[in-house]
There are 2 protein chains.
Amino acid sequence: MTTTGQSAGAAEKRPPRADARRNIAAILDAATECLARDPDATINQVAKAAGVGRVTLYGHFDSRATLVAAVAERAMAEADSVLKDVDLAGDPVAALQRLIEATWAVTHRYGALVVAAERALPSEQVDQAHADLRARAERLLKRGQRSGAFRKDLPVSWLVTVLHSVTHAAVTAVHAGDLDAADGPRMISAAMLGVTTPAGGVVPDPAG
Amino acid sequence: MTTTGQSAGAAEKRPPRADARRNIAAILDAATECLARDPDATINQVAKAAGVGRVTLYGHFDSRATLVAAVAERAMAEADSVLKDVDLAGDPVAALQRLIEATWAVTHRYGALVVAAERALPSEQVDQAHADLRARAERLLKRGQRSGAFRKDLPVSWLVTVLHSVTHAAVTAVHAGDLDAADGPRMISAAMLGVTTPAGGVVPDPAG
DNA sequence: CTCTTGTTGAACACTGATGTTCGAGTTAAC
DNA sequence: GTTAACTCGAACATCAGTGTTCAACAAGAG
């Protein structure tokens, strides 16, 4: 606590050193990748993947939960920034396809990170984030139901669940080598356009 | 090793005592339920749920893996016995609905048990069982594609994946209280009939 | 160059789960 | 009723992951 010529008073924080910032970024990146692949990834694995010692990691993040929270927050921020630009107006079918396309990239990158968050974080935060993501799809699907574009005999919550579930299945399939990543959006779209078509209605062509 | 009047020679096995058999059954039942709910369930939790001490459990099952294997084997046997009776002939749409109905009961009971098996057992066994289950649906879907009842522009493997994924989602939703168990088959059928309908075709009514 | 901030591996304590051992007490079988 | 099979709790060893401490060392900021 030697006052080095700075104005005395409360805790004066100098900006972190350059290598520190570099390491923090590397840790966040590594943690994102590790946790997206395996939600049970070890702190050791993350540190090794980031190219730093375990102690260094703990120097920047108090605990596993802190790290997961930071990663999750960053992921949510990017997801929001990607999804907020999606145009959900106009023809509901086309809008759904746009939403799927945008969601695909995000889900494909962050994979099982949600699971890690669910285990390490208090449910309040996770629930909130989860609800936000669902709300977007819910609004669109509800609008489509009102306009008659989507089937009304299934609850919106179930349609959202199916969308979420099918997307996740596609990511898993890609990861298992059973599906080409480029085909993801088309597969999901084709499935979801079928699911949302009213009984007695004609299924639209996803190739459109 | 006092030979009690039995023919000497190799290991003579008397049948297990009545209470032992009772406990083994209780352990298998408890393990099934616990693992179906949480694939990470502890041996302690299983023992407690079965109403026996941990030591007793280890007396009957050498290790966690052994227990999981036994539970999985029993589950597979029941699943097979239920599914082998399903009539997959006739109209593919009706057959798919029958298959979904039958699958529902099994999946609903065994839930996340697959995950536990995947973690504890050598992948060969799990893959084999998994393949058997998928093959049934695959045959039906392929036949439907040939007859024109199901869409041909999506690979059968993807249709099976979606069926599996949607079924699992429904089980999860029921468990979370978001869906009534009795509605499961209708929700899955409605979704899958939409998914399998060829583009340009008319979606059949699941209520039918 | 100098001083402060960061990094590092090794060693440690702690936790929770698995699996084992022991001895005393029960219970089914015959 | 005698005996062998079974149960049970407590205690123990083991293992893997988390989080901390320490002391030597490296590197950025001024």
Side-chain angles (χ1 to χ4, degrees), chain A residues 1-8 11-28 30-31 34-35 38-71 115-117 119-121, chain B residues 1-8 11-28 30-31 34-35 38-71 115-117 119-121:
Chain A
M1 280 292 182
T2 60
T3 50
T4 57
Q6 301 175 348
S7 65
E12 282 298 334
K13 300 171 206 163
R14 242 194 271 187
R17 230 170 59 183
D19 55 347
R21 263 178 290 125
R22 234 184 302 134
N23 279 336
I24 292 178
I27 291 170
L28 281 174
C34 289
L35 294 175
D38 173 17
D40 287 324
T42 300
I43 291 285
N44 244 327
Q45 295 173 298
V46 173
K48 189 166 291 182
V52 302
R54 229 181 58 232
V55 187
T56 303
L57 192 155
Y58 277 112
H60 295 301
F61 300 94
D62 288 344
S63 70
R64 185 175 216 282
T66 310
L67 176 60
V68 173
V71 170
V115 180
R119 292 186 195 174
L121 269 44
Chain B
M1 282 293 178
T2 60
T3 50
T4 59
Q6 300 175 349
S7 66
E12 282 297 334
K13 299 171 206 165
R14 241 193 273 188
R17 233 170 57 180
D19 55 346
R21 264 179 290 124
R22 232 182 305 133
N23 278 336
I24 291 177
I27 291 170
L28 281 173
C34 289
L35 293 174
D38 173 17
D40 287 323
T42 299
I43 293 284
N44 244 325
Q45 295 173 298
V46 173
K48 189 166 290 182
V52 302
R54 232 186 46 214
V55 186
T56 303
L57 192 155
Y58 276 112
H60 295 301
F61 300 93
D62 288 345
S63 70
R64 186 176 215 281
T66 310
L67 175 60
V68 173
V71 170
V115 180
R119 293 186 194 173
L121 269 44

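Only a predicted model underlies this, so the values are computations on that prediction, with no experimental measurement involved. We name chains A, B, ... by the order of the sequence lines, and we start the count at 1 in each one.
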Checklist entry - Does His60(B) place a side-chain N or O at less than 4.0 Å from the phosphate oxygens OP1/OP2 of dT7(D)? => result yes

Item to check | Residue-phosphate contact under 4.0 Å: Thr56(A) side-chain N/O, dT8(C) OP1/OP2 | outcome: yes

Item to check | Distance below 4.0 Å between Arg64(B) side-chain N/O and dT18(C) OP1 or OP2 | outcome: yes

Checklist outcome for this item: Regarding the side chain of Ala18(A), the nearest nucleotide among dG28(D), dA29(C), dG19(C) is dG28(D)

Checklist outcome for this item: Of Phe61(B) and Asp19(B), the one whose nearest nucleotide on DNA chain C sits closer to the 5' end is Phe61(B)

Next on the checklist: Is the shortest side-chain heavy-atom distance between Val68(B) and Arg119(B) below 4.5 Å?
Outcome noted: no

Checklist entry - Of Asn23(B), Asp19(B), Ile24(B), which meets side-chain contact (heavy atoms from CB on, under 4.5 Å) against Thr56(B)? => result Asn23(B)

Next on the checklist: Whole angstroms only, please: what is the CZ-C1' distance between Arg54(A) and dG17(D)?
Outcome noted: 8 Å

Next on the checklist: Whole angstroms only, please: what is the CG-C1' distance between Asn23(A) and dA27(D)?
Outcome noted: 11 Å

Item to check | Interatomic distance where CZ belongs to Arg119(B) and C1' belongs to dA17(C) [whole Å] | outcome: 15 Å

Checklist entry - Rounded to whole angstrom units, what separation is found between the CZ atom of Arg22(B) and the C1' atom of dA28(C)? => result 9 Å

Checklist outcome for this item: note: Ile27(B), atom CD1; dC8(D), atom P; distance rounded to Å ~ 9 Å

Item to check | Leu28(B) side chain reached by Phe61(B) side chain, heavy atoms, under 4.5 Å | outcome: yes

Checklist entry - For Ile43(B) and Arg21(B), take the nucleotide of DNA chain C holding the closest heavy atom to each; which residue's nucleotide lies nearer the 5' end? => result Ile43(B)

Checklist entry - In whole angstrom, what separates Tyr58(A)'s OH from dA10(C)'s C1'? => result 16 Å

Checklist entry - The side chain of Val55(A) lies closest to which of these nucleotides: dA4(D), dG17(D), dA10(C)? => result dA10(C)

Item to check | Spacing of Asn44(B) atom CG relative to dG19(C) atom P, expressed in whole Å | outcome: 12 Å

Next on the checklist: Working to the nearest 0.5 angstrom, can you tell me the gap between Thr66(A) OG1 and Arg64(A) CZ?
Outcome noted: 11.5 Å

Item to check | Nearest-0.5 Å distance, CG of residue Leu57(A) to OG of residue Ser63(A) | outcome: 10.5 Å

Checklist entry - Roughly, in whole Å, what's the span from CZ in Arg14(B) to C1' in dC30(C)? => result 8 Å

